[in-house]
Amino acid sequence: MPSHIQPFDQRLEGKTEWDSPMFRLAQEQFLRAARIMDLDENIRDRLLFPQRSLTVSFPCRRDEYSEVETVFGYRVQHVLTMGPTKGGIRYHEDVNLGEVSALAMWMTWKCALMQLPFGGAKGGVRIDPKQLSRPELQRLTRRFTMEIISMIGPDRDIPAPDMGTDAQTMAWIMDTYSQQVGYAVPEIVTGKPVVLGGSHGREEATGRGLVYLVCEAASHLGMDLGKSTAVVQGFGNVGHNTVRFLTEHGVKIVAVSDVSTGLYNPMGLEFTSLRDHVAEHGVLKGYGGAEEVSNTELLEIPCDILAPCALQNQITSRNAANIKCRLLAEGANGPTSLEADQILQDQGVFVLPDILGNAGGVTVSYFEWVQDTQNFSWSLEEINDRLHKIMGAAFRRTLLRSQRDQLDMRTAALIEGIGRVAEAKLLRGLFP
Ligand code: GLU
């Protein structure tokens, strides 16, 4: 190695702009897979950092006209080799460049694993969306869109919802972008309302995809879903749809949680009454007929299926040994630490890793983008049928590799994704 190039390992020691605990987890997962698959060193180094990252600070006027807050926002594109980049925009008070970069890297592996023609991206704004009124959120979204407008585009980088954002956020982004170019550009974002060119089935796609995989895993493990129990952490878009579809398959939901509380009832919780309670009160707290449990207690409840569908870094070396599930279905991004992975593996837990588990969302986003670019609309049945096939095929590819090479499911999924990106990089060659 030429002397002016810093040794590879040193670059990991908190010295880069992207450094954060989450980015380190993404890098360490990647490096572990790269070692096992004997990835070309030059390609490994290229994939270890995002290709483009933009940090912005901008003003957000509060409803009280004289109050202007400065907020920070990010958009990161990890790999531009595979086609346009794709990934959500997150509104959360802890968002930072490292977190967004980790999420962008995971989007790359996720898209490649699902064989979608995208590289990974992610964006975020460091605010607590619950503290903002609707007009404030609209102003913030429009201004953030303007700040990143040179980076995004329907053939360039296509945002979508993530934690703290939804179809309405996407509608404002689509409108702001369209105003700039002078005509409607629905294909600039996915996850928008159906009337604006959104896709049927996109809203619930992540939860639906996760439950398709749970069915595949259950038949592989010889589990009878009708006799199984589940604990779901999170009752946002992913969590609540996961509860809904698991219930449809006869799974008994023994515990759920959201930011306000955890609820436990060994006799089972009913999806429709949980949903109605949240529709009326905004949160799960106050729901009768269940014991309140903490987040720590929730994760350790004995069950067949544990589905973390909320934040990252939930299952770590601290609690992994106490996890008592047979199947871990990751709806969230990055819920499990590297050390916890090893412990779970030793305990014989079968893992549906995040880049596979929550890939239903970006898969239907891909369908949405294809429909928009062709000015064509598919029915819900067609969407679900295509989603089912793609999720099933990705599950079988991952399982096959894990069995053939004696790997855990996360490493197998990562190697599937990384291998595809590495092959494309080698074929495209270097410029100049
Ligand atoms: N934010 C979602 C994810 O993490 C969806 C991204 C998309 O649809 O582009 O996969």
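In each ligand, atom 1 is the first atom listed, and ligand 1 is the first ligand listed.
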Next item on the list: Answer whether the closest heavy-atom distance between the side chains of Ser379 and His200 falls below 4.5 Å.
Entry: no
Residue shell for ligand 1, any heavy atom closer than 4.0 Å, reads Lys86, Gly87, Gly88, Met107, Lys110, Lys122, Ala160, Pro161, Asp162, Arg202, Asn333, Gly361, Val362, Ser365
Residue pairs meeting salt bridge (charged side-chain N to carboxylate O under 4.0 Å, His left out), one or both in residues 179-199, sequence neighbours left out, come to Lys192-Glu368, Lys192-Asp372
Here the side-chain hydrogen bond (donor to acceptor under 3.5 Å, both in side chains) pairs for residues 77-88, sequence neighbours left out, are Gln77-Asp157, His78-Thr108, Thr81-Lys425, Thr85-Asp157, Lys86-Thr190
request  = Step by step, work out the salt bridge (Lys or Arg N to Asp or Glu O under 4.0 Å) result for Arg24 and Glu28.
outcome  = CA-CA 6 Å; Arg24 250 173 280 161; Glu28 282 164 12; 5.9 Å; no
For this session: Classify the side-chain pair Thr165/Arg90 by whether it contains a donor and acceptor separated by less than 3.5 Å.
Result: no
Contacts table for residues 233-240: side-chain donor-acceptor under 3.5 angstrom, sequence neighbours left out:
from	atom 1	to	atom 2	distance (Å)
Gln233	NE2	Asn295	OD1	2.7
Gln233	NE2	Gln314	OE1	2.8
Asn237	ND2	Glu203	O	2.9

